[in-house]
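Some notes on the structure that comes next.
FYI, side chains are in, hydrogens and waters are out, and symmetry mates aren't considered; it's all heavy atoms of this structure.
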Amino acid sequence: MNIAESYDYLIRARRDLWSALEAAPDEVLSRPLLDGARFHSIKDLVVHVAEVEDGWIHGDILREDLVQTAFPALRDSDGGPVYAGFALELLLDYWRAVEQSTLSYLAMLNDDKLQRIIVGDSPGERFTVDGLLWHVMMHEIRHTAQIVMLLRMQGIKPPSLDLLFYLPSA
């Protein structure tokens, strides 16, 4: 699989996850289920996944304004465990906007652009665009698995997001 095919899988899996989230009671999505410093609720994880994609692709790789700037309530929040009080639809609208912007970027990629070096925040930290895009996708897979587990723990049947279920028939 390549980046475009992998991102296509994420898009299709997102649709199933988003449908499950939209069908879940808001109280479950807002419930503090995690004791971490930054994430307490499923909604916190939803925003985090979108923010990481937005930050790496639009902030670090493209060096442009984040998609989040178009969402004042999110842009002006303190981050961390504050999203329980936000409407799920706003959080998903942000994620959808990030996805659309990412799709536009991915359509312009070529091998040279994938090998471009991005300097990180720490001294000596250097990444290829290719590596960062794989990081963004693997990051989402890890956190969506966490969301699925949290839904299951709340008695909600989550979608099966395994790649196997999204592969074309041979």
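Cluster annotation: V49 and I141 are assigned to the same hydrophobic cluster (Ile/Leu/Val/Met/Phe/Trp/Tyr, side-chain heavy-atom contacts under 4.5 Å, transitive). By the rule that hydrophobic residues join a cluster once side-chain heavy atoms approach within less than 4.5 Å of another member, V119 and L133 end up as members of separate clusters.
Between D26 and K43 there is a salt bridge, since a side-chain N of the basic residue sits under 4.0 Å from a carboxylate O of the acidic one. Contact check on R12 versus D16 returns no salt bridge, with no Lys/Arg side-chain nitrogen under 4.0 Å from an Asp/Glu carboxylate oxygen.
Counting all heavy atoms, side chain and backbone alike, S160 lies closest to Y166 at O-OH, 3.5 Å. Minimum heavy-atom separation, P159 to V148: O-CG2, 4.1 Å.
The side-chain heavy atoms of V28 and P25, taken from C-beta on, include a pair separated by under 4.5 Å. Counting only heavy atoms from C-beta outward, the side chains of E89 and E22 approach each other to under 4.5 Å. The side-chain heavy atoms of L10 and M137, taken from C-beta on, include a pair separated by under 4.5 Å. Contact of the Q154 side chain with the L151 side chain is not registered, since no non-hydrogen atoms from C-beta on lie closer than 4.5 Å. Put simply, the side chain of R75 does not reach to within 4.5 Å of the side chain of L66, judged on heavy atoms. With a 4.5 Å cut-off on side-chain heavy atoms, V98 and I57 do not count as touching. Contact annotation: the side chain of H58 approaches that of S101 to within less than 4.5 Å [non-hydrogen atoms, C-beta and beyond]. For the pair L132/V136, no side-chain contact is recorded, criterion being any heavy-atom separation below 4.5 Å from C-beta on.
Between L33 atom CG and M149 atom CE the span is 9.0 Å, to the nearest 0.5 Å. Atom CH2 of W95 and atom CG of L92 lie 7.5 Å apart (nearest 0.5 Å). Here CZ of R15 is found 4.5 Å from CH2 of W18. Values are rounded to the nearest 0.5 Å. Of the inter-residue distances, the one linking L90 atom CG with L74 atom CG reads 4.5 Å to the nearest 0.5 angstrom. Distance check: E5 CD to L167 CG gives 10.0 Å after rounding to the nearest 0.5 Å. Atom CG of L114 and atom CG of L109 lie 5.0 Å apart (nearest 0.5 Å).
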Go through L45 and L34 one step at a time and tell me if the side chain to side chain contact (heavy atoms under 4.5 Å, CB included) criterion holds.
-> CA-CA 10 Å; L45 290 170; L34 303 166; 3.9 Å; yes

Given side chain to side chain contact (heavy atoms under 4.5 Å, CB included), test E99 with T102 step by step and report yes or no.
-> CA-CA 5 Å; E99 177 184 283; T102 296; 5.7 Å; no

Please lay out, stage by stage, how R14 and Y9 fare under the test side chain to side chain contact (heavy atoms under 4.5 Å, CB included).
-> CA-CA 8 Å; R14 283 175 188 168; Y9 152 69; over 6 Å; no

Step by step, would you call T128 with I118 a side chain to side chain contact (heavy atoms under 4.5 Å, CB included)?
-> CA-CA 6 Å; T128 62; I118 305 296; over 6 Å; no

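Between the side chain of S41 and the backbone N or O of D44, at least one donor-acceptor pair lies under 3.5 Å. Checked by atom type and distance alone, the side chain of K157 never pairs as donor or acceptor with a backbone atom of R152 at under 3.5 Å. With E125 contributing its side chain and D121 its backbone, the two residues share a donor-acceptor pair below 3.5 Å. The closest donor-acceptor contact from the side chain of R116 to the backbone of D112 lies at 3.5 Å or more, if one exists at all. Formation of a donor-acceptor pair under 3.5 Å by the H143 side chain with backbone atoms of H139 is not found in this model. At least one donor-acceptor pair under 3.5 Å links the side chain of S30 to the backbone N or O of A84.
Side chain to side chain, E53 and Y7 meet the donor-acceptor criterion of an N or O pair below 3.5 Å. For the residue pair Y83/S77, the side-chain donor-acceptor check at 3.5 Å is satisfied. Remark: the E51 side chain and the H48 side chain contain no N/O donor-acceptor pair separated by less than 3.5 Å. In this structure, a donor-acceptor pair under 3.5 Å is present between the side chains of Y94 and D54.
The number of heavy-atom neighbours closer than 6.0 Å to CE of M153, taken from other residues, nucleotides and ligands shown, is 12 or below. In N2, the CG atom is crowded: over 12 heavy atoms of neighbouring residues, nucleotides or ligands sit closer than 6.0 Å. Other residues, nucleotides and ligands place more than 12 heavy atoms under 6.0 Å from the CG atom of N110.
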